[in-house]
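Taking it in order: structure first as structure tokens, then the write-up.
Convention: sequence-line order gives letters A, B, ...; per-chain numbering from 1. Reckoned from all heavy atoms, side chains included, excluding hydrogens, waters and symmetry mates.
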2 protein chains.
Amino acid sequence: MAVKKAHSSCLDTVKPVRDALDVLNGKWKLPIIISIGVGNDRFTDIQESIPGISPKVLAKELKELEQHQLINRIITEGYPVKVSYHTTKHSETLWPIIYALKDWGLHHRKKIFNQA
Amino acid sequence: MAVKKAHSSCLDTVKPVRDALDVLNGKWKLPIIISIGVGNDRFTDIQESIPGISPKVLAKELKELEQHQLINRIITEGYPVKVSYHTTKHSETLWPIIYALKDWGLHHRKKIFNQA
DNA sequence: TATAGTACTTTCCCAAAGGAAAGTGTTATA
DNA sequence: TATAACACTTTCCTTTGGGAAAGTACTATA
């Protein structure tokens with residue numbers, strides 16, 4: 001009988017990576033965290049700082065980020081009710097990921113460009 | 001007239017991050033890179049090492065990773081034709097991202113668990 | 001009175017992601 | 001002869017992501 005060679009296990013790495021990807025999925029979560037983190041705290045400011053995002057998508061993503069405790073939504077009562085968004089302490093732990101992606105994005109673009 | 005305050009720009013970070021996310025999108029690309037990187041070079045081994053991935057999805061993702069020059073597909077002629085997959089030099093630059101995601105996944109799970 | 005700003009919501013629609021299950025063609029082994 | 005491995009492909013179907021455009025409710029300002 002053909003001997004079946006066992007595959008190498010990589011679950012120690014794959015499982016936590018998938019946990020992270022489940023929370024950060026889609027094109028918009030990290031860009032929104034970056035935008036709020038950099039000081040944009042109003043809905044419209046966030047929208048304008050991220051090219052291509054629609055208000056529907058932004059509203060949905062903000063809700064999910066709040067559920068994952070990565071941002072806070074703060075309502076200030078007043079004549080015009082104001083809503084502002086802020087990153088949580090927990091979201092600060094995302095910056096190593098963001099910087100790693102930024103570096104890689106720059107590196108990858110350079111590589112592709114130099115070949116073309 | 002109400003004065004419109006300009007939003008803070010974060011494009012320097014958002015754009016390269018989006019470039020990276022465009023290449024690494026979906027749940028499977030990084031787990032596949034991890035699996036191949038750890039030594040699984042056969043289709044079936046990769047499939048078995050990643051819980052939940054179907055052969056259809058794996059085949060599609062492998063093609064995309066090859067196009068992005070993150071893996072090589074090598075065919076060895078013989079009585080049983082063998083196909084094997086290997087990571088490229090370029091894919092090694094992804095490990096900072098993978099480790100950052102792994103650390104964050106572990107951290108996030110611990111945080112959520114401690115609250116429940 | 002009219003316009004503009006703020007923070008969304010709603011509707012419609014399309015494309016991509018992805019799960020389930022079965023099938024294919026070849027070769028090797030019991 | 002029958003089974004099993006290997007590397008997929010094919011079909012079907014559901015879910016999710018996300019774009020476009022318009023609408024809503026409120027307030028402030030010209």
Side-chain angles (χ1 to χ4, degrees), chain A residues 1-8 14 18 21-32 35-36 39-68 71-86, chain B residues 1-8 14 17-18 21-32 35-36 40-68 71-86:
Chain A
M1 174 173 69
V3 178
K4 181 72 174 66
K5 197 195 109 226
H7 64 264
S8 303
V14 165
R18 288 222 29 200
L21 292 175
D22 286 345
V23 175
L24 306 174
N25 59 31
K27 316 158 53 172
W28 304 113
K29 298 248 169 39
L30 288 173
I32 291 168
S35 177
I36 300 177
N40 295 306
D41 59 347
R42 312 299 309 279
F43 190 93
T44 310
D45 288 343
I46 300 167
Q47 196 190 329
E48 284 172 2
S49 71
I50 301 175
I53 197 166
S54 70
K56 184 188 82 166
V57 170
L58 179 54
K60 195 199 98 209
E61 301 281 278
L62 286 170
K63 272 176 204 147
E64 291 182 28
L65 289 171
E66 205 193 348
Q67 278 170 12
H68 288 303
I71 62 171
N72 291 131
R73 185 179 192 266
I74 294 171
I75 303 169
T76 309
E77 302 291 346
Y79 11 116
V81 173
K82 287 203 173 187
V83 181
S84 66
Y85 297 91
H86 303 273
Chain B
M1 171 171 73
V3 178
K4 181 70 176 67
K5 196 194 110 226
H7 64 264
S8 303
V14 165
V17 166
R18 288 221 30 198
L21 292 175
D22 286 345
V23 175
L24 306 174
N25 58 35
K27 318 159 50 174
W28 304 113
K29 298 247 168 42
L30 288 174
I32 291 168
S35 177
I36 300 177
N40 295 306
D41 60 348
R42 313 299 308 280
F43 190 92
T44 310
D45 287 344
I46 300 167
Q47 196 190 328
E48 285 173 3
S49 71
I50 302 174
I53 198 167
S54 71
K56 184 188 82 169
V57 170
L58 179 54
K60 195 198 98 212
E61 301 282 276
L62 286 170
K63 272 176 203 145
E64 291 182 29
L65 289 172
E66 204 192 349
Q67 278 169 12
H68 288 304
I71 62 171
N72 291 130
R73 184 178 192 269
I74 295 171
I75 303 169
T76 309
E77 302 292 347
Y79 14 113
V81 173
K82 287 202 174 188
V83 180
S84 66
Y85 297 92
H86 303 273

Quiz item: Does a distance-only test, which skips hydrogens and angles, find a donor-acceptor pair under 3.5 Å between the side chain of K56(A) and the base of dG19(D)?
Solution: yes
Exercise. State the CG-CG distance between L65(A) and N72(A), to the nearest 0.5 angstrom.
Key: 11.5 Å
Practice problem: Round to a whole Å and report the spacing from CD1 of I75(B) to P of dC6(D). | Solution: 17 Å
Quiz prompt | Name of the residue among I50(A), D45(A), I46(A) meeting side-chain contact (heavy atoms from CB on, under 4.5 Å) with H7(B) | solution = D45(A)
Quiz item: Quick one: OH on Y85(A) to CD1 on I36(A), what's the gap to the nearest 0.5 Å?
Solution: 8.0 Å
Exercise. Indicate whether OP1 or OP2 belonging to dG17(D) is found under 4.0 Å from a side-chain N or O atom of K27(B).
Key: no
Quiz item: When the distance from CD of E64(B) to C1' of dA16(C) is rounded to whole Å, what number comes out?
Solution: 10 Å
Practice problem: Using whole Å, report how far CD of Q47(B) lies from C1' of dA20(C). | Solution: 13 Å
Quiz prompt | Atom pair distance, as rounded to whole Å: CD1 in I53(A) and P in dG18(D) | solution = 9 Å
Name the atoms and distances for all side-chain donor-acceptor pairs under 3.5 Å in residues 54-63 of chain A, with sequence neighbours left out.
unit_1	atom_1	unit_2	atom_2	d
S54(A)	OG	V57(A)	N	3.3

Practice problem: Figure out the NZ/P separation between K82(A) and dC8(C), and round it to whole Å. | Solution: 13 Å
Quiz item: To the nearest angstrom, how far is D22(B) atom CG from dA16(C) atom P?
Solution: 14 Å
Practice problem: Return the nearest nucleotide to the side chain of V83(A); candidates are dG19(C), dC8(C), dC8(D). | Solution: dC8(C)
Exercise. Write down the distance between CD1 (I32(B)) and C1' (dA17(C)), rounded to a whole number of angstrom.
Key: 13 Å
Practice problem: Just compare dT6(C), dG18(D), dG18(C) and give me whichever is closest to any side-chain atom of T44(A). | Solution: dT6(C)
Quiz item: Taking OP1 and OP2 of dT6(C), is either one under 4.0 Å from a side-chain nitrogen or oxygen of Y85(A)?
Solution: no
Quiz prompt | W28(B) CH2 to dA16(C) C1', straight-line distance once rounded to whole Å | solution = 16 Å
Quiz item: Taking the side chain of P55(A) as heavy atoms from C-beta outward, which of dG17(D), dG18(D), dC8(C) is closest to it?
Solution: dC8(C)
Quiz item: Are any side-chain N or O atoms of N40(A) and backbone N or O atoms of S8(B), one a donor and one an acceptor, separated by less than 3.5 Å?
Solution: yes
